[in-house]
Amino acid sequence: MSRRAVVIGAGLAGMLAAAALSTVADEVVVLERDELPDGPEHRKGLPQGRHAHLLMAGGLAAMEDLVPGVSMRKHLLAAGAHEISIGSGMVALTPEGWFRRWRHAGPQMLTCSRALLDWAVRGAVLANTGVVVRKGQVLSLTGSAARVDGVRLSTAAGEEELAADFVVDASGRGSRIVNWLAELGISDITEKKVDSGLVNATRIYRTPAGASGFPLTIIQANPYLSLPGRSGMVLPIEGDRWMVSLAGTRGGEPPSDPDGFLQYTLDLPHPLVGRLISGAEPLTDVHVSRSTSNERRYLEKARQWPERFVALGDALATFNPAYGQGMSVAALGAQVLARELGRAGLAGAGLSRQVQRGAARSVDAAWTMAVSQDIWFPGTRGGAPGVADRLVTRYTRRLMRTATGSYGAASALWDVTSLTAGPTRLLRPGAVLAALSGPPLPAAAGPPLTAAEREVLRGLDRTAG
């Protein structure tokens with residue numbers, strides 16, 4: 001008998017989940033309410049789609065396992081993405097000082113527009129599996145608290161029920177999963193929201209002549225000053241363009257007008273971002289978004305969980321996008337699904353509970369990283385630092401300060417940030433010893449640029465002047 005799997009949502013999490021299901025299901029149908037673009041174009045269903053995204057090494061490694069017959073790294077690079085070493089290809093001012101750049105490259109990350117990434121992943125999945133995408137909006141799950149057996153959806157032809165042997169909710173931040181589960185009789189879902197009031201503002205520029213090799217540049221927000229956080233990033237993306245994303249927490253929001261946008265970059269804790277773009281040609285208006293809170297649904301803690309149903313990606317947890325973790329967490333969750341399907345198949349008893357718990361473990365590191373910093377910004381709602389937070393913060397700040405002049409400490413932070421290791425990586429003997437010893441090299445007095453990069457910056461200053 002033919003086995004059908006249904007995935008709700010054709011975003012990154014949904015398409016990767018569909019790829020995982022394609023190895024065990026005879027038919028995989030992805031239901032999407034939006035009209036999907038034919039190319040790498042923004043769509044309404046991605047509220048953060050116009051802003052900066054980083055695909056970390058852990059997320060990319062998960063993707064490599066999911067789409068049969070395709071190297072997602074090569075596929076994305078061919079589509080125009082950039083590959084950047086977190087250890088040598090990035091210039092970053094942290095709350096503890098400038099990170100040095102090291103000859104040992106460290107984990108790699110990919111940068112491109114979110115529109116390009118979604119389009120490239122969707123194309124790879126559709127071309128290499130039997131997955132099909134169908135337009136329709138899911139209204140509810142069908143079945144019972146013991147087992148989900150399909151979905152009820154609205155289409156242009158009216159409402160219908162679509163039977164399924166397995167259902168994945170990957171419908172994103174706006175998922176109605178809590179309501180859907182309540183309709184089945186599961187009403188004990190715990191939710192948490194930590195909101196720093198962050199506002200994102202992004203503008204695309206043409207990469208200035210001669211600056212195509214300039215490193216990714218980040219001025220991080222400092223959550224420890226009892227002041228609103230303000231940050232900025234220059235991210236190379238496809239098409240010989242720079243994506244410039246600014247972010248400010250409650251009371252320090254970036255403006256939406258072009259003059260105010262530029263002035264904000266120059267007023268950051270260091271004016272490097274502003275100097276890079278002062279003479280650059282803008283290609284878009286300033287796009288602003290406020291859907292930035294950390295939100296988590298603790299689905300794995302429900303007393304009862306239905307067979308044949310899981311939730312992944314933003315339907316499970318969303319993060320402050322400043323930390324660049326969301327896409328990688330979605331990929332890691334889909335990898336958990338693939339692993340458990342390979343072990344037990346679609347009908348394995350307890351499979352859904354195992355996947356939900358495994359996906360929650362993928363969320364933990366990203367959630368801890370985002371929330372442990374956001375709770376320090378003034379005006380943050382939904383969380384405040386307690387005694388344990390203060391102890392952990394004291395240690396992590398010491399480790400970060402050490403990382404400005406210690407390769408060992410820096411590599412520990414890279415592994416956790418890149419989601420190639422969990423937070424316990426920071427407690428290994430080497431990392432602890434490094435934190436206790438302090439940085440062996442003095443703090444950098446300014447941005448760690450090469451002579452060639454300094455010359456590029458001087459040329460941009462002359463252009464702006």
Side-chain angles (χ1 to χ4, degrees), residues 40 42 50-54 77 80-94 97-101 109-116 199-221 230-248 252-289 322 324 444-465:
H42 177 70
R50 295 188 185 277
H51 304 293
H53 286 76
L54 303 172
L77 291 175
H82 294 252
E83 187 170 44
I84 294 173
S85 160
I86 198 170
S88 61
M90 180 176 73
V91 172
L93 177 60
T94 77
W98 292 97
F99 272 154
R100 289 181 177 272
R101 294 160 70 187
M109 55 186 169
L110 294 187
T111 67
C112 60
S113 69
R114 178 61 188 267
L116 178 83
V199 171
N200 277 336
T202 296
R203 198 176 198 193
I204 306 296
Y205 292 79
R206 191 180 309 283
T207 303
S212 59
F214 205 87
L216 186 156
T217 301
I218 302 176
I219 307 298
Q220 295 181 359
R230 300 187 307 141
S231 63
M233 175 188 299
V234 178
L235 187 80
I237 63 170
E238 70 279 1
D240 197 27
R241 296 176 297 165
W242 278 348
M243 176 177 283
V244 181
S245 273
L246 310 181
E253 301 90 340
S256 59
D257 65 287
D259 290 342
F261 184 92
L262 177 58
Q263 190 59 51
Y264 192 96
T265 66
L266 294 167
D267 291 340
L268 289 171
H270 191 282
L272 180 57
V273 169
R275 290 176 65 188
L276 288 171
I277 67 170
S278 288
E281 177 191 356
L283 300 176
T284 68
D285 294 331
V286 179
H287 294 285
V288 174
S289 175
L449 301 174
T450 66
E453 290 161 358
R454 292 182 189 282
E455 185 55 40
V456 168
L457 188 59
R458 282 192 288 268
L460 295 176
D461 286 338
R462 287 193 293 270
T463 300

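Only a predicted model underlies this, so the values are computations on that prediction, with no experimental measurement involved.
Between Ser278 and Leu266 there is a side-chain heavy-atom pair separated by less than 4.5 Å. Counting only heavy atoms from C-beta outward, the side chains of Pro215 and Arg101 approach each other to under 4.5 Å. Within the 4.5 Å cutoff, side-chain heavy atoms of Pro258 are placed close to those of Arg203. Side-chain contact between Pro448 and Arg100 is absent, with no heavy-atom pair separated by less than 4.5 Å. Counting heavy atoms from C-beta outward, Arg230 and Asp267 have side chains that approach closer than 4.5 Å. Side chains of Phe214 and Leu460 form no contact here, defined as non-hydrogen atoms less than 4.5 Å apart.
Side chain of Glu238 to backbone of Ser113: a donor-acceptor contact under 3.5 angstrom is found. Here the side chain of Arg241 pairs no donor or acceptor atom with the backbone of Leu283 at under 3.5 angstrom. Under a 3.5 Å cut-off, the side chain of Thr202 and the backbone N or O of His287 do not form any donor-acceptor pair. Put simply, the side chain of Ser256 never gets that close to the backbone of Val286: no donor and acceptor are under 3.5 Å apart. Between the side chain of Thr284 and the main chain of Ile204, a donor-acceptor pair closer than 3.5 Å is present.
No option in Leu235, Ile86, Leu110 other than Leu235 meets the side-chain contact (heavy atoms from CB on, under 4.5 Å) test with Leu54. Applying the side-chain contact (heavy atoms from CB on, under 4.5 Å) test between Leu93 and each of Leu268, Val273, Leu272, Ile219 identifies Ile219 as the sole match.
At most 12 heavy atoms of other shown residues, nucleotides or ligands fall within 6.0 angstrom of atom CZ in Arg206.
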Given side-chain contact (heavy atoms from CB on, under 4.5 Å), test Arg275 with Asp461 step by step and report yes or no. CA-CA 6 Å; Arg275 290 176 65 188; Asp461 286 338; 2.4 Å; yes
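The minimum heavy-atom distance between Leu276 and Pro208, with the atom names listed, is O-CG, 4.3 Å. Between Cys112 and Leu116, the shortest heavy-atom distance links the atoms CB-CD2, 3.6 Å. Of all heavy-atom pairs spanning Tyr264 and Pro255, the tightest one is CD1-CD, 3.6 Å. In this structure, Ala52 and Ser245 approach most closely via the heavy-atom pair N-OG, 3.2 Å.
Side-chain polar atoms of Gln263 and Asp259 form no donor-acceptor pair below 3.5 angstrom.
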